[in-house]
Amino acid sequence: MTTTDYSALSQLGEQTALPKSPDEATLEKVANPCHGDLYNIRFTCPEFTSICPITGQPDFAHMVIDYIPNKWIVESKSLKLFLGSFPNHGAFHEACTMMIAKRLITELDPKWLRIGGYWFPRGGIPIDIFYQTNNPPSKVWIPEQNIPIYSGR
């Protein structure tokens, strides 16, 4: 493991208010302490919330983010604050899921990224959104995203 200067991190170890919107949220990154190794990082956010841009009603999802880091890993508190900034963000399920994926790709330039947005039913129909950048390297174990979060399937 390498020693790294973390002084540039502005949120870790500090009391930090939730950003008012995803655009205002700061995603911080740190050097990958295992750069050169192939491994998967998984983040699960079972209480993701946004709002419908038409009705203003809340939408709820279980987000699962898998990525194989390159030179950078996301600082987890900043990711939590970024994901927590969506409750007042009006966008369709597809837009929210892809916004998260694209932001992580832009900030981290991972070797591979996959996101599963498992949206809870509204009007009786669940809408699940899936995206991945490319095929993952063959020698990395990546668990399935079998998320049994609601019935009706």
> Ile51, Ile100: one ILVMFWY side-chain cluster at the under-4.5 Å cut-off?
Replying inline: no
>> Taking side chain to side chain donor-acceptor pair (under 3.5 Å) as the cut-off, I'd like each qualifying pair that reaches into residues 101-112, sequence neighbours left out, listed once.
In response: none
> How many angstroms lie between atom OH of Tyr131 and atom CD1 of Ile105, to the nearest 0.5 angstrom?
Replying inline: 4.5 Å
> Leu18 and Leu81: side chain to side chain contact (heavy atoms under 4.5 Å, CB included), yes or no, with the steps?
Replying inline: CA-CA 6 Å; Leu18 271 176; Leu81 292 168; 3.8 Å; yes
> Does a side-chain heavy-atom distance below 4.5 Å link Lys20 with Asn88?
Replying inline: no
>> If I compare all heavy atoms of Leu83 with all of Cys45, which pair ends up nearest, and what's the gap?
In response: CD1-CB, 3.9 Å
> With Phe130, which residues qualify under ring pair (Phe, Tyr, Trp, His ring centres under 6.0 Å), at least two apart?
Replying inline: Tyr118
>> If you compare all heavy atoms of Thr26 against all heavy atoms of Ser78, which two are closest, and at what distance to 0.1 Å?
In response: O-CB, 3.4 Å
>> Just verifying a value: how many Å separate Ser76 OG and Glu28 CD, rounded to the nearest 0.5 Å?
In response: 10.5 Å
>> Within the structure provided, determine whether Pro33 and Ile73 are in side-chain contact (heavy-atom separation under 4.5 Å).
In response: yes
> Mind checking whether Leu113 and Leu38 sit in one hydrophobic cluster, side chains of I, L, V, M, F, W, Y counted as touching below 4.5 Å?
Replying inline: no
> Distance from Ile65 atom CD1 to Arg114 atom CZ, nearest 0.5 Å?
Replying inline: 11.5 Å
> Taking only residues two or more places apart in sequence, or in another chain, which ones meet Tyr39 in a side-chain hydrogen bond (donor to acceptor under 3.5 Å, both in side chains)?
Replying inline: Asn32
> Side chains of Arg42 and Gln145: does their closest heavy-atom pair fall under 4.5 Å?
Replying inline: yes
>> With a 4.5 Å cut-off on side-chain heavy atoms, are Ile68 and Pro136 touching?
In response: yes
>> Restricting to non-hydrogen atoms, name the atom on Leu104 and the atom on Pro110 that form the minimum distance, rounded to 0.1 Å.
In response: O-CD, 4.1 Å
> Residues in side-chain hydrogen bond (donor to acceptor under 3.5 Å, both in side chains) with Asp59, at least two apart?
Replying inline: Arg122
> With sequence neighbours left out, which residue pairs that include part of residues 82-106 fulfil the ring-ring contact (aromatic ring centres under 6.0 Å, His included) condition?
Replying inline: Phe48-Phe86, Phe82-Phe86, Phe86-His89, His93-Trp119
> Would you call Gln132 and Asp66 a side-chain contact if the rule is heavy atoms closer than 4.5 Å?
Replying inline: no
> Same cluster for Ile142 and Tyr67 if Ile/Leu/Val/Met/Phe/Trp/Tyr side chains link at under 4.5 Å?
Replying inline: no
>> Holding to side-chain hydrogen bond (donor to acceptor under 3.5 Å, both in side chains), I want the full list of residues that pass it with Asn70, two or more places apart in sequence or in another chain.
In response: none
> What distance separates Phe120 CZ from His62 NE2, expressed to the nearest 0.5 Å?
Replying inline: 7.5 Å
>> Which heavy atom of Ala91 sits nearest to which heavy atom of Ser50, and what is that distance?
In response: O-OG, 4.3 Å
